[in-house]
Amino acid sequence: MSFSGKILDWYHQNKRSLPWRKSINPYKIWLSEIILQQTRVTQGTPYYLRFVEKFPTVHHMANASEEEVLKLWQGLGYYSRARNLHATSKIVVNQYNGNFPNTYKELLKLKGVGDYTASAISSICYNEPQAVVDGNVYRVLSRYYGVDIPINSTEGVKYFKSLAEKVMDINDIRDYNQGIMEFGAIQCSPKKPLCLHCPLNESCVALQKGIVDRLPVKLKKTKVRNRYFNYLIPIYKDANGNQFTNLQQRKGKGIWQNLWEFPLLESNSILDIEDVDNRYKEVLDGIGEVELIEFNEVAIIHKLSHQHLHTKFWILNTGIQIPNQISFEKIKEFPVPVLIADFIKAFKF
DNA sequence: AAGGCGGGGTC
DNA sequence: GACCCAGCCTT
């Protein structure tokens, strides 16, 4: 039997029941594909369920604010996906009359939709013969055909896309594409693949050569940058006992764009209480004299894929109102990075 | 062509 | 610690 035939047979026997597989509604497929970019099914599924609950159609999402979308996305990471998700929902409503484009070529024009996602949507929703190439497909093809071209090189991207197109089943592309990805996730997994009872184990080049654990080949790793964050939490209590603090929205480039955080004093190394006392006015002026309290003695190292954020939180009790202050009860309504959400939880606002 | 962009799970 | 995850975008 052909490669694609075995993939299809395996899929029909082993596919998981996943919420987005219950329909081929392009809005739901698009939503699931954006959520699942660089994200495991187990992590993305609860987000998908909350999104379809809150935004049943593309119109619901388009009518929401970016802030609402970011809040629902909070904790999932790669927040440009959420910003593009919202922007695209508005484009689909306003420029496509609420109907998603139904071809690979048109889908590719949408924000946040690249080659993989356009292929996935067009094949799953419309049976258009476009080969998906995600991390699973790279792994399955590189092993089965014994290809050691780095998957993240320009040559590799072209080679594997071409190979994927060559071996796909255009007569059932919807199930074939989902099948090869599911096969990569369940059977041909990164660690400890189930080669012993694999339907392809008699013709898998990597297995025959004993190099399954060395494929696929990937170039280098990202270098990690250390940064030193001092979050300053101003606190003002009024005569009625109501408490206030301050949040600011991250703008411009870099991490966590459009998410909210406490006033941030970034430094070149870890600061002690004296340093902060001398410098807090750089980012938090107009709050008068303060009582400065070190919240965590040992810096929290929040790890992103490319940055390590050595973070200390400082409490600044002040006797006068804080510019742009917000009440404690409002804090939880803002979309914030996990680092901030964890602090909010620990501080018990 | 290379680097930036999150957070969590696994080994 | 290192690797990986239904990748995309900018420079």
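Quick note on labels: first sequence line is chain A, next is B, and so on, each numbered from 1. Source: prediction; values computed, not measured.
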- Sequence neighbours left out, what passes side chain to side chain contact (heavy atoms under 4.5 Å, CB included) with A:E106? Give chain and number order. A:Y96, A:P101, A:T103, A:K109

- Task: Any chance you could measure A:I315, atom CD1, to A:F313, atom CZ, to the nearest 0.5 Å?
- Result: 9.0 Å

- By a strict heavy-atom criterion of less than 4.0 Å, which residues belonging to residues 336-347 of chain A are in contact with DNA chain B? A:P337, A:V338

Mind listing the side-chain donor-acceptor pairs of residues 41-54 of chain A below 3.5 Å, one per line with the distance, residues two or more places apart or on another chain?
unit_1: A:T45; atom_1: OG1; unit_2: A:V41; atom_2: O; d: 2.6
unit_1: A:Y47; atom_1: OH; unit_2: A:Q74; atom_2: O; d: 2.8

- Query: For A:G44, which contact category applies under a 4.0 Å heavy-atom criterion: base, sugar-phosphate, or nothing?
  - Reply: nothing

- Message: Applying ring pair (Phe, Tyr, Trp, His ring centres under 6.0 Å), can you list everything that pairs with A:F334, at least two apart in sequence or on another chain?
- Response: A:W260

- Note on the structure: By salt bridge (charged side-chain N to carboxylate O under 4.0 Å, His left out), A:D115 pairs with (sequence neighbours left out) A:K161

- Using the C1' atom in both, what is the distance from B:dG8 to C:dC9, to the nearest Å? 23 Å

- Task: Fit a plane to each ring of A:F100 and A:Y27, take the angle between them on a 0 to 90° scale, and name the class: parallel (under 30°), tilted (30 to 60°) or perpendicular (over 60°).
- Result: tilted

- residues 131-152 of chain A vs salt bridge (charged side-chain N to carboxylate O under 4.0 Å, His left out), sequence neighbours excluded, gives none

- Could you grab the distance from atom CD1 of A:I149 to atom CD of A:E155, nearest 0.5 Å is fine? 4.5 Å

- Task: Please figure out whether A:R83 or A:L219 has its closest DNA chain B nucleotide nearer the 5' end.
- Result: A:L219

- Message: Who clusters with A:L215? Use side-chain heavy atoms, under 4.5 angstrom, across I, L, V, M, F, W and Y, and order the result by chain and number.
- Response: A:I211, A:V217

- Message: For the P atoms, the ones on B:dG3 and on C:dC3, what distance do you get once it is rounded to whole angstrom?
- Response: 16 Å

- A:Q307 near the nucleic acid: base, sugar-phosphate alone, or nothing, with a heavy-atom cut-off under 4.0 Å? sugar-phosphate

- Say you pick atom P in B:dC5 and the same atom in C:dA6; how far apart are they, in whole Å? 23 Å

- Message: Say we look at C:dT11 and B:dG6: how far apart would their P atoms be, to the nearest angstrom?
- Response: 15 Å

- Note on the structure: Residues pairing under salt bridge (charged side-chain N to carboxylate O under 4.0 Å, His left out) where one sits in residues 6-31 of chain A, two or more places apart or in two chains, turn out to be A:R16-A:E182, A:R21-A:E182

- Item | ring pair (Phe, Tyr, Trp, His ring centres under 6.0 Å) partners for A:Y116, two or more places apart | none

- Nucleotide range of DNA chain B lying under 4.0 Å from chain A heavy atoms: B:dA1 to B:dG9

- Salt-bridge test for A:E333 and A:K71: reply yes if a basic N is under 4.0 Å from a carboxylate O, no otherwise. no

- Query: Listed in order of residue number, which residues of residues 146-174 of chain A have a non-hydrogen atom at under 4.0 Å from DNA chain C?
  - Reply: none

- CG (A:N226) and OG (A:S269) are apart, to the nearest 0.5 Å, by 11.5 Å

- Message: Once you apply a heavy-atom cut-off of 4.0 Å, does A:L76 come out as touching a base, just sugar-phosphate, or nothing?
- Response: base

- For each nucleotide in nucleotides 4-11 of chain C, reading 5' to 3', give B when a protein heavy atom comes within less than 4.0 Å of its base, S when such contact involves only the sugar-phosphate, and - otherwise. BBBBSS-S

